[in-house]
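The block underneath contains the structure these notes are about, expressed in structure tokens.
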Amino acid sequence: MKIASWNVNSLRVRQSQVENWLLDQRPDVLVLQEIKMTDDLFPEDIYAELGYQALWSGQKTYNGVAILVQDGLMIDSDVIKAIPGFEDPQQRVLAATVDGVRIVDLYVPNGSEVGSEKYQYKLDWFAALQEWIAEERNRHEKMVILGDFNIAPADADVHNPKRWQGKILCSDLERQALEKLLSLGFVDTFRKFNTEGGQYSWWDYRSGGFARNQGLRIDLILSSLAMEGVAQDSWIDTEPRGWEQPSDHAPVIAEYL
DNA sequence: ATGGTAGCTGGGCTA
């Protein structure tokens, strides 16, 4: 099973890129973030023609997530579109069980700036996520939580750790929240297969970050221990970041037996 | 250095 995640930063703008990437990579599952469209505009028919079933949870202008699943793979009925019990108008969560694997697509809040209201929202959101995932973990041995986490797990995931120290995406409280989530029994799948630094999934549009590989690894694929046991490889496909009019994120991929 | 770019929208917010 090949599972991937891509923050597309507007599905309308990136539509043809997503189609081309799907045809090239043929993942079993592709989860998207920041589709930035209302539900009625989601191009379900285009994906059906490419052989993918789709689930989506959109909103106007911001956020929005989707899951694409190859035809033939069974999607169970337990689809969840929000963190249970957490009041939130922002569409950042989509969960479904695909072929017996619990898939959780996340667009974690950015947080804007340490100490800001949006930072507190990010921490509150992540605390609610923690509670919910703990319950999900009790129901599902096979789980993959993936998406834009907006947290660089360690300094090895940051091009300039000194400049980013304590800043948003790298602060202690954010990293501790991620560690706590991992302690439920998940591993950072990319790091199981890659130990070198300098490998990133996001590069700021500003100041030519991609050309200089000044990025952060903030798009993650967390595998439950049962899935880690069958993980074969994980990598970041930096090619689409170099395409014309790219998303600021690259797709991340994990392969399982 | 508090900019720089991109997307949505139609001025300002978010990232």
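Below, read A as the first sequence line, B as the second, and so on, with proteins coming before strands; counting in each chain starts at 1. Keep in mind that this is a model prediction, so the values were computed, not measured.
Taking the six-membered ring for Trp and thresholds of 30 and 60 degrees, A:Phe42 and A:Trp56 have nearly parallel ring planes, at less than 30 degrees apart.
A salt bridge is defined here as a Lys NZ or Arg NE, NH1 or NH2 lying under 4.0 Å from an Asp or Glu carboxylate O, and A:Arg102 with A:Asp78 meets this definition. Salt-bridge formation is detected for the pair A:Asp157/A:Arg191: a Lys NZ or Arg NE/NH1/NH2 atom is positioned less than 4.0 Å from an Asp or Glu carboxylate oxygen. Classification of A:Lys118 and A:Glu113 as a salt-bridged pair fails, no side-chain N sitting under 4.0 Å from a carboxylate O.
Ranking B:dA15, B:dT5, B:dC8 by closeness to the A:Ser10 side chain, first place goes to B:dC8.
Nearer to the 5' terminus of DNA chain B, by closest-nucleotide assignment, is the contact made by A:Asp204 (compared with the other of A:Gln90 and A:Asp204). Nearest-nucleotide positions on DNA chain B for A:Lys36 and A:Asn7 put A:Lys36 closer to the 5' end.
Distances shorter than 4.0 Å separate some side-chain N or O of A:Arg14 from OP1 or OP2 on B:dG7. At the phosphate of B:dT14, OP1 or OP2 sits under 4.0 Å from a side-chain N or O atom of A:Lys118. Phosphate contact (OP1/OP2 of B:dG7, side-chain N/O of A:Gln245, threshold under 4.0 Å): present.
Judged by distance alone, with hydrogens and angles left aside, A:Tyr62 brings no side-chain donor or acceptor close enough to the base of B:dC8 to form a pair under 3.5 Å.
Residue contacts shown for A:Phe210 are absent, as no nucleic acid heavy atom lies under 4.0 Å away. Residue-level contact check: A:Arg92 touches the backbone only, with heavy atoms under 4.0 Å from sugar-phosphate atoms and none from bases.
Straight-line distance from the CG atom of A:Leu216 to the P atom of B:dA15: 16 Å, rounded to whole Å.
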